[in-house]
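Please read all numbers here as calculations on a predicted model, not as lab measurements. Below, chains carry the letters A, B, ... as their sequence lines are ordered, and counting in each starts from 1.
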Amino acid sequence: MVDEPRDNPYIRDPDLDFKEIGDMSKEDAKEEVEDLREAIEHHDYLYYIKNDPVISDTVYDTLFNRLATLEREFGLVEENSPTQRVGGEPLDSFETREHVREMLSLDSSEDEEEVRRFDERVRREVGEVSYSIEPKFDGFSVEVVYLEGEFDRAITRGDGMSGDDVSKNVKTIRTVPLKLNKAPELLSVRGEIYMPKSGFHELNEERLKKGKEPFANPRNAAAGTIRQLDPNIVAERPLSIFFYDILDCSQEVKTQRETFELLKSIGLRVNDLNDLVNEIDDFIDYRNEIMKMRDELEYDIDGVVAKVNDIDKREEMGKTARHPRWAFAYKFPPKISETKVRKIIVQVGRTGKLTPVALLDPVDIKGVTVSRATLHNEEIVKKLGVTNGSKVKVERAGDVIPEIEEVVEKSEGEFSMPNSCPVCGSDVVEEGKYHFCTGGISCSVRYIFYWAILGFFVSSLLFGKRSGKSA
DNA sequence: GTGCGAGCCA
DNA sequence: TAATGATGGA
DNA sequence: TCCATCATTATGGCTCGCAC
């Protein structure tokens with residue numbers, strides 16, 4: 001638990017009878033600024049993280065304004081002062097930065113059997129284990145680094161090795177502390193940024209009033225917000241964060257449980273639905289319990305995660321190129337909707353591979369309009385029996401990728417791959433389960449250069465127009 | 001002001 | 001983000 | 001046979017920069 005600062009006059013029943021600025025020396029101001037910062041940090045913690053404020057909003061605002069005034073009048077503005085959350089100059093672009101350690105994604109499935117197989121593999125490799133279990137948040141993850149207990153930087157996941165430095169934007173998030181309490185010298189943590197459902201709805205109402213397009217769903221609103229170059233806009237959007245992992249820490253941590261305890265004790269916001277179990281059955285029950293609560297939560301989740309609690313055992317299990325081998329996400333079943341296939345089209349990829357894609361009557365699946373779904377190859381289309389005009393069940397696999405589940409109502413005819421390439425007209429050949437365009441380079445070249453030529457044409461027009469004007 | 005591609009998130 | 005299929009190792 | 005890995009394909013929403 002974060003300690004209450006001692007000998008600070010602005011914690012409980014703050015004295016708001018401030019000295020006249022004209023009567024103060026710079027030393028006086030410095031002292032007061034330090035007390036105010038410490039107090040405001042603490043009040044932020046109580047308000048945003050513990051949800052248990054000890055002063056009213058008006059008193060808070062008074063303290064905040066006093067701090068801003070002193071900083072301005074005496075030239076005491078500092079980067080990690082609470083007053084610096086808001087505002088700042090817009091960036092030209094984001095800098096790319098390396099993570100202290102790679103940020104992997106989790107292996108996952110909706111299938112209970114897969115979860116049991118994961119458990120068997122774990123026990124085969126490292127013996128008896130307990131699992132730390134927690135919800136899987138549907139936001140986007142960032143690395144946040146604290147040095148000497150002070151906020152240093154925040155980096156998006158990117159390709160896992162390095163990402164964009166979005167520090168200025170992340171600093172506007174009230175649930176991200178700028179200073180930590182008794183923190184290790186070096187601490188790099190992973191957290192999930194999200195937009196609370198209520199904030200999302202309020203934001204959309206405001207946007208409608210202003211005649212702007214509402215956002216489609218909280219996740220994309222949050223992801224879009226963090227890509228804003230102007231932190232002032234970010235500051236007005238309701239973002240929040242949960243921290244859940246340590247990437248690097250100068251203090252030894254032995255288990256996932258200790259991770260949560262450490263994060264909490266230094267003032268980082270942690271979700272409280274996590275638990276510890278010894279049996280995989282308990283994890284499966286947990287998933288079903290959380291699934292029932294899903295709609296009542298203030299944030300979107302797309303499943304639950306089990307992590308081997310003991311960190312030595314994790315190291316023993318290691319990782320693959322994409323996932324740690326000691327963790328597994330048990331996802332919720334995707335929402336299934338019915339719609340009609342308007343038409344099956346065939347796309348040609350960079351390598352000349354032909355892929356059938358179903359164009360659908362648009363349906364809304366959990367805040368996303370689905371209007372097309374890949375059918376992978378001819379064999380799969382035939383196995384499913386998808387034809388133009390048939391009624392189908394669609395889901396979003398992993399709540400992301402549209403996928404045709406089954407045909408509900410067939411229609412006339414049968415799909416087959418065209419004999420000639422829909423892009424260049426060359427012959428099409430079969431290679432295993434796939435079809436390829438024999439136009440080879442000339443097809444893909446034509447495909448790519450079509451745009452290049454168009455671009456050249458347009459730019460030469462433009463060039464002609466400009467030189468005409470200047471002449 | 002609008003539209004489109006690139007590049008990002010999942 | 002997911003699914004697929006080829007490939008290579010145990 | 002089982003498993004992991006790789007390359008390739010695919011979706012939708014969002015912001016930004018640039019062209020018009």
(request) Look at D119(A) together with R123(A) and state whether they make a salt bridge at an N to O cut-off of under 4.0 Å. (result)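 Looking at D119(A) and R123(A), the cut-off is met.
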(message) Check R116(A) with D281(A), please: is the shortest side-chain N to carboxylate O separation under 4.0 Å?
(response)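 Yes, charged N to carboxylate O under 4.0 Å.
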Please classify the nucleic acid contact of [X] as base, sugar-phosphate, or nothing, using heavy-atom distances under 4.0 Å.
X: T96(A); result: nothing
X: K331(A); result: sugar-phosphate
X: S109(A); result: nothing
X: L375(A); result: nothing

Spacing between [X] atom [atom1] and [N] atom [atom2], to the nearest angstrom:
X: L354(A); N: dG5(C); atom1: CG; atom2: P; result: 16 Å
X: I336(A); N: dA2(C); atom1: CD1; atom2: P; result: 17 Å
X: R97(A); N: dC8(B); atom1: CZ; atom2: C1'; result: 20 Å
X: D111(A); N: dA2(C); atom1: CG; atom2: P; result: 15 Å
X: D302(A); N: dA2(C); atom1: CG; atom2: C1'; result: 13 Å
X: E430(A); N: dA6(C); atom1: CD; atom2: C1'; result: 17 Å
X: E114(A); N: dC2(D); atom1: CD; atom2: C1'; result: 13 Å
X: E378(A); N: dT4(C); atom1: CD; atom2: C1'; result: 16 Å

(request) Output yes when at least one side-chain N/O atom of T320(A) is less than 4.0 Å from OP1 or OP2 of dT5(D), else no. (result)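 Yes, because at least one side-chain N or O of T320(A) sits under 4.0 Å from OP1 or OP2 of dT5(D).
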(message) List the residues meeting ring pair (Phe, Tyr, Trp, His ring centres under 6.0 Å) with F242(A), not counting sequence neighbours, and say none if there are none.
(response) F137(A), Y194(A), Y299(A)
(message) Please identify which of these residues, H99(A), R190(A), R97(A), meets the side-chain hydrogen bond (donor to acceptor under 3.5 Å, both in side chains) condition with E143(A).
(response)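 Between E143(A) and the candidates, side-chain hydrogen bond (donor to acceptor under 3.5 Å, both in side chains) is satisfied uniquely by H99(A).
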(request) Any chance you could list the contact pattern along nucleotides 7-16 of chain D? Use B for base contacts, S for sugar-phosphate-only contacts and - for none, protein heavy atoms under 4.0 Å, 5' to 3'. (result) -SSBBBSSSS
(request) With R294(A) as the cation and F332(A) as the aromatic partner, state whether NZ or CZ is under 6.0 Å from the six-membered ring centre and within 45° of the axis. (result) no
(request) For dG7(B) and dT1(C), measure between their C1' atoms and round to the nearest Å. (result)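 Between the two C1' atoms, the distance is 15 Å.
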(message) Work out how far the C1' atom of dC9(B) is from that of dC6(D), and round it to whole angstrom.
(response) 23 Å
(message) We want to know whether Y244(A) and E134(A) form a side-chain donor-acceptor pair, criterion being a heavy-atom distance below 3.5 angstrom.
(response)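 There is no such pair between these side chains.
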(request) Of all the heavy-atom pairs spanning P402(A) and A373(A), show the shortest one and how long it is. (result) O-CB, 3.9 Å
